[in-house]
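Heads up: the structure comes next, in structure tokens.
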Amino acid sequence: MTAQLIDGSALSRHLRLEVAQRVTALKLRGISPGLAVVLVGDDPASQVYVRNKVQACQDTGVFSVLEKYDANLSEAALLARVQALNADPAIHGILVQLPLPQHIDAHRVIESISPAKDVDGFHVASAGALMTGTPGFWSCTPYGCIKLIESTGIDLKGKHAVVIGRSNNVGKPMALMLLQKNATVTVCHSATQNLKNHTLQADVVVAAVGKRNTLTADMVKPGAVVIDVGMNRNALGKLCGDVDFEAVKEVAGWITPVPGGVGPMTITMLLVNTLEAAERG
Ligand code: GUN
């Protein structure tokens, strides 16, 4: 293996310790940071995510409320709950777990969250703040990727970054964050021709497609930083990312594993955003 591993679990632990210290400092000022997590329905993956988010709050001293509702909750009732949380001074961050049941317009619900409490960074006001470089919340997964890249000590300024994937939650905000860090950014997607021609030019590759073996060793410039956002299962049912890790680690300079790379960072950045929200007051 030539690449150095970027350990997302270790970086997460370090950042969560910092969060815990900031929580203590805030409490001394009489502010107890609080996160509301809203789950509608019984999607099994969402239940695991939500449990992990609440646990992370407990571990770092962040106050959390978990509101669980039946899948048949009306959109109007959910909007009313969000309004109540918007007005609740004990709550600094609001997270409505996605996906929502079909009969609820997820976009309308996200837009009803106060931008000041949008710690997921999914509101159009948050997206607009990212786009214009003004203060707002950065969505947690791409924000975590930035922290992983920065943990290598490599300065993104002037580097060529290639993002594979253009989703609203990862690919697009990732590209804007890299731009904010003064990288030269290329966004590749399902209609891109000759993906390899692009990735071979990249000092940094972020793979966020949701398809295993999207990035293979022949597509990577020697020494490049490779960030794998994918969460897939291989033929044996084992968790794997979008990157052919075993082969790419022989070419890349730095690489994130799956699991233990980007995954733990998403919840960590949610905690960081919640702290930020509480500190802004
Ligand atoms: N569903 C899967 N990931 C996420 C996330 O980061 N935030 C929310 N709100 N829902 C999700």
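Numbering of ligands and ligand atoms starts at 1, following listing order. Just so it is clear, the values below take in all heavy atoms, side chains as well, and ignore hydrogens, waters and symmetry mates. Keep in mind the model is a prediction, meaning the values are calculated, not measured.
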Worksheet item: Considering distance alone, does some N or O of Thr266 sit under 3.5 Å from an N or O of ligand 1?
Response: no
Discussion item. Could you tell me if Ser167 and Asn169 have a donor-acceptor pair between their side chains, going purely by distance under 3.5 Å?
Written reply: no
Fill in: For Lys181, all residues meeting salt bridge (charged side-chain N to carboxylate O under 4.0 Å, His left out), sequence neighbours excluded
Glu150
Worksheet item: Side chain or backbone of Thr141 under 4.0 Å from ligand 1, or both, or neither, by non-hydrogen atoms?
Response: neither
Discussion item. Treating Asp155 as the side-chain partner and Lys157 as the backbone partner, does any N or O pair qualify as donor plus acceptor under 3.5 Å?
Written reply: yes
Discussion item. When you compare ligand 1 with Leu98, is there at least one nitrogen or oxygen pair between them that comes in under 3.5 angstrom?
Written reply: yes
Worksheet item: Can you tell which part of Met269 has a heavy atom less than 4.0 Å from ligand 1: side chain, backbone, both or neither?
Response: neither
Discussion item. Taking 4.0 angstrom as the limit and counting only heavy atoms of Phe122, give me the atoms of ligand 1 inside it, by number and element.
Written reply: 7 (N), 8 (C), 9 (N)
Worksheet item: Are any of the N/O atoms in Val96 less than 3.5 Å from those in ligand 1?
Response: yes
Worksheet entry | All side-chain hydrogen bond (donor to acceptor under 3.5 Å, both in side chains) counterparts of Asn232, not counting sequence neighbours | Asp242
Fill in: Distance-minimising heavy-atom pair for Val226 and Val220
CG2-CG1, 4.2 Å
Worksheet item: Do Tyr49 and Gln47 get their side chains close enough for a donor-acceptor pair, meaning under 3.5 Å?
Response: no
Discussion item. Can you see whether Thr268 engages Arg16 through a side-chain donor-acceptor pair at a distance of less than 3.5 angstrom?
Written reply: yes
Discussion item. Closer than 4.0 Å to some heavy atom of Lys53 - which atoms of ligand 1 meet that?
Written reply: 5 (C), 7 (N)
Item to complete: Consider every N or O of Tyr49 and every N or O of ligand 1, then say whether any pair is closer than 3.5 Å.
Response: no
Fill in: Closest protein heavy atom (residue, atom, distance) for atom 2 (C) of ligand 1
Gln97 NE2, 3.7 Å
Item to complete: Please write down residue, atom name and distance for the protein heavy atom closest to atom 9 (N) of ligand 1.
Response: Asp120 OD2, 2.5 Å
